[in-house]
Amino acid sequence: PGDLIGRLRLGATLVHDERYDDALPHLTRALEIFPEYGGPDSPYEYLARIHEARGDMQRAAAALARLNALSESNWGALLREAAVQDSLGHTAASAKALRKAIRVFPYDVDVHRRLAVLDSGLADLNGVVDERRAVVALDPPDRAEALYRLAVAQRDAGQTGGARETVLRALEVAPNYDAALELLLALRAGGGAP
């Protein structure tokens, strides 16, 4: 009864077998034994899975947030928390989880793209520029598109000089990129909006 490892293993096995009602008492007891345990096999991890499987995203988000407060290096849990928070419409909480994930592993282009979209929804224009700049730095396959999106972000943030330079770099990669040509014309005309 007082065996943390035994309770965790049994709870994990039951969650794996989708026997959630049977798993709950073991995971709850494991939390009582060691409430600050934030390892990859933390009871919070399995409780979040149970809540997600049952469609209780509020409780899943709370379990993942608690897990991530105890362990700041669980990249997978941070991405899951961001996705769950986003599904609940909690844009700021989702962006916060993604920022933590980037500190753990900054080399995932898709995470930077997702964060740029969230920052845009939060009207954090400088945050969008930072994330679009990170995407360009990670050298994605469609470099012209990445540069174009950075130029748009810079324009939106009022950085017209930087936007002009960036859109020219996009056109060096793809000279016939229509959207980039239109943006360059708009920037040269002083309006900024294509």
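Reckoned from all heavy atoms, side chains included, excluding hydrogens, waters and symmetry mates.
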| task | Keeping the roles fixed (side chain from R143, backbone from V136), state whether a donor-acceptor pair exists under 3.5 Å. | result | yes
| T166 side-chain N/O to G162 backbone N/O, donor-acceptor pair under 3.5 Å |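 Looks like yes, one N/O pair under 3.5 Å.
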| Hey, mind stepping through V152 and R155 against side chain to side chain contact (heavy atoms under 4.5 Å, CB included) and telling me if it holds? | CA-CA 5 Å; V152 169; R155 177 205 62 199; 3.6 Å; yes
Identify the two heavy atoms, one from [X] and one from [Y], that lie closest to each other, and give their separation to 0.1 Å.
X    : Y    : result
L187 : R164 : O-NH1, 3.4 Å
A170 : A144 : CB-O, 3.7 Å
S87  : M57  : OG-CE, 4.0 Å
A151 : L183 : CB-CD2, 3.8 Å
R7   : P25  : NH1-O, 4.2 Å
S71  : G38  : CB-O, 3.0 Å

At what distance, to the nearest 0.5 angstrom, does [atom1] of [X] lie from [atom2] of [Y]?
X    : Y    : atom1 : atom2 : value
D110 : H112 : CG    : NE2   : 10.0 Å
S120 : D156 : OG    : CG    : 7.5 Å
E131 : D124 : CD    : CG    : 9.0 Å
H51  : D56  : NE2   : CG    : 6.5 Å
R29  : L10  : CZ    : CG    : 14.0 Å
N68  : W75  : CG    : CH2   : 13.0 Å

Could you list the donor-acceptor pairs under 3.5 angstrom formed between side-chain atoms of residues 93-103 and any protein atom two or more places apart in sequence or on another chain?
unit_1, atom_1, unit_2, atom_2, d
S94, OG, A82, O, 2.8
R99, NH1, D119, OD2, 3.4
R99, NH2, D119, OD1, 2.6

Does any part of the side chain of [Y], heavy atoms only, come nearer than 4.5 Å to the side chain of [X], both counted from C-beta?
X    : Y    : result
V167 : L147 : no
P140 : E145 : no
R113 : R149 : no
D41  : Y46  : yes
L14  : Y20  : no
Y44  : L64  : no
Q159 : N126 : yes

| request: Check the surroundings of atom CZ in R9: do more than 12 heavy atoms from other residues, nucleotides or ligands lie under 6.0 Å from it? | output: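 12 or below, so no.
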| Going by the salt bridge (Lys or Arg N to Asp or Glu O under 4.0 Å) test, which pairs reach into residues 80-90, not counting sequence neighbours? |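 Counting only pairs at least two positions apart or across chains, the salt bridge (Lys or Arg N to Asp or Glu O under 4.0 Å) contacts touching residues 80-90 are E45-R80, E52-R80.
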| message | Once salt bridge (Lys or Arg N to Asp or Glu O under 4.0 Å) is applied, what residue pairs with a partner in residues 63-76 remain, sequence neighbours excluded? | response |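 Every pair satisfying salt bridge (Lys or Arg N to Asp or Glu O under 4.0 Å) with a residue in residues 63-76: E36-R66.
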Is it the case that one hydrophobic cluster holds both [X] and [Y], taking links as side-chain heavy atoms less than 4.5 Å apart, direct or via other members?
X    : Y    : value
Y107 : V104 : yes
V109 : V111 : yes
L115 : V135 : yes
L67  : I50  : yes
L118 : L138 : yes

| message | Tell me whether the rings of Y177 and Y148 are parallel (<30°), tilted (30 to 60°) or perpendicular (>60°). | response |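 Tilted, since the angle between the ring planes falls between 30° and 60°.
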| query | Is it true that R114 and D108 make a salt bridge, defined as a side-chain N closer than 4.0 Å to a carboxylate O? | reply | no
| message | Quick test of your reading of the model: are E165 and R169 salt-bridged, counting only N-O distances below 4.0 Å? | response | no
| request: Starting from the C-alpha separation in whole Å, work towards a yes-or-no answer on side chain to side chain contact (heavy atoms under 4.5 Å, CB included) for L79 and F105. | output: CA-CA 11 Å; L79 294 181; F105 184 75; over 6 Å; no
| field | From CA spacing to verdict: side chain to side chain contact (heavy atoms under 4.5 Å, CB included), L31, L47 | value | CA-CA 10 Å; L31 279 178; L47 289 171; 3.5 Å; yes
